[in-house]
Amino acid sequence: MDNSIWSILDVIFVGAGVYVLYAWVLLKTKGEITTSILMNKDVNLNKCKDLEGYKTYIAPRLLIFGIACLLYGAAGLINSYVMELPLALYGAIMAVFFVVLIWFALAARKGVQKFW
């Protein structure tokens, strides 16, 4: 099987992980919210009831999601180019990533509902 499409997706996941971690660093250091990751276009930051509370709520979740993206993409690249990972290990990494992805999506939505 040709791994080229999967390798491209793995690079995209690594890039997404780096971008999410960058958004987390911005949130923690400068207090800036990267709206492209955390909210849809209909949400207005000026109408937030408790912006500091939202930042406190979303920061650890953003960090976990960024690490999960990075690890999943890196595992895929290692599996394609370095060595073949055991199927059970790679499947577990994939399952954990998808659980974290769904958890983060629900948490981000809940945060918008709670703080706006």
Side-chain angles (χ1 to χ4, degrees):
M1 182 170 125
D2 184 20
N3 286 333
S4 62
I5 188 69
W6 300 113
S7 297
I8 292 169
L9 288 174
D10 292 333
V11 170
I12 289 171
F13 281 117
V14 168
V18 170
Y19 183 63
V20 171
L21 291 175
Y22 170 71
W24 177 79
V25 169
L26 280 180
L27 180 65
K28 293 303 279 184
T29 58
K30 296 183 179 182
E32 294 179 15
I33 295 176
T34 307
T35 56
S36 61
I37 298 172
L38 297 173
M39 352 189 136
N40 61 27
K41 295 177 183 180
D42 299 334
V43 177
N44 184 355
L45 283 177
N46 297 329
K47 294 184 179 181
C48 182
K49 295 180 228 171
D50 181 12
L51 195 56
E52 292 305 314
Y54 177 72
K55 290 176 186 179
T56 302
Y57 169 82
I58 204 66
R61 291 158 178 83
L62 195 61
L63 177 63
I64 292 168
F65 179 59
I67 291 170
C69 287
L70 195 61
L71 290 178
Y72 176 64
L77 290 173
I78 289 169
N79 190 49
S80 295
Y81 294 110
V82 178
M83 63 180 218
E84 191 169 327
L85 297 174
L87 186 59
L89 175 63
Y90 189 65
I93 292 170
M94 184 184 300
V96 167
F97 169 72
F98 284 117
V99 167
V100 170
L101 175 67
I102 292 167
W103 168 78
F104 179 75
L106 294 174
R109 189 165 127 199
K110 181 181 175 186
V112 170
Q113 290 172 349
K114 183 177 179 179
F115 294 98
W116 264 265

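Remember, it's a predicted structure, so these values are computed and weren't measured experimentally. All heavy atoms count here, side chains included; hydrogens, waters and symmetry mates do not.
Using modelled atom types, no side-chain atom of K28 and backbone atom of A59 make a donor-acceptor pair closer than 3.5 Å. With hydrogens and angles ignored, the 3.5 Å screen pairs a side-chain donor or acceptor of N79 with a backbone N or O of L85.
F65 and F97 have parallel rings, their planes meeting at less than 30° on a 0 to 90° scale where 60° marks the start of perpendicular. Note: Y72 and F13 have perpendicular aromatic rings, judged against thresholds of 30 and 60 degrees for the angle between ring planes.
You'll find the side chain of Y54 stays beyond 4.5 Å of the side chain of K114, heavy atoms only. Using a 4.5 Å heavy-atom threshold, the side chains of E52 and D50 count as touching.
Annotation for A75 and I93: closest pair CB-CD1, 3.9 Å, computed over non-hydrogen atoms. When all heavy atoms are compared, the tightest approach of V100 to A68 is CG1-CB, 3.7 Å. Residues S80 and D10 approach most closely at OG-OD2, 4.2 Å, considering heavy atoms.
Note: the hydrophobic cluster containing L106 does not contain W103 (ILVMFWY, side chain heavy atoms under 4.5 Å, direct or indirect links). No path of Ile, Leu, Val, Met, Phe, Trp and Tyr side chains, each step under 4.5 Å between heavy atoms, connects V99 with L89, placing them in separate hydrophobic clusters. Under the 4.5 Å side-chain contact rule for hydrophobic residues, I102 and I58 do not share a cluster.
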Exercise for the section: Decide side chain to side chain contact (heavy atoms under 4.5 Å, CB included) for L62 and T34; before the verdict, give the C-alpha distance in whole Å, the side-chain angles of both, and the deciding distance to 0.1 Å. Expected result: CA-CA 11 Å; L62 195 61; T34 307; over 6 Å; no
Handout entry: Candidate pair V20 and I37, rule side chain to side chain contact (heavy atoms under 4.5 Å, CB included), full reasoning
Key = CA-CA 7 Å; V20 171; I37 298 172; 4.0 Å; yes
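When each of I64, L70, L63 is tested with I67 by the rule side-chain contact (heavy atoms from CB on, under 4.5 Å), just one qualifies, namely L63.
Rounding to the nearest 0.5 Å gives a distance of 8.5 Å between CG of L87 and CE of M94. The distance from the CG atom of L21 to the CG atom of L27 is 12.0 Å, given to the nearest 0.5 Å. Distance check: W116 CH2 to L51 CG gives 6.0 Å after rounding to the nearest 0.5 Å.
For Q113, the CD atom sits in a packed shell: over 12 heavy atoms of surrounding residues, nucleotides or ligands are nearer than 6.0 Å.
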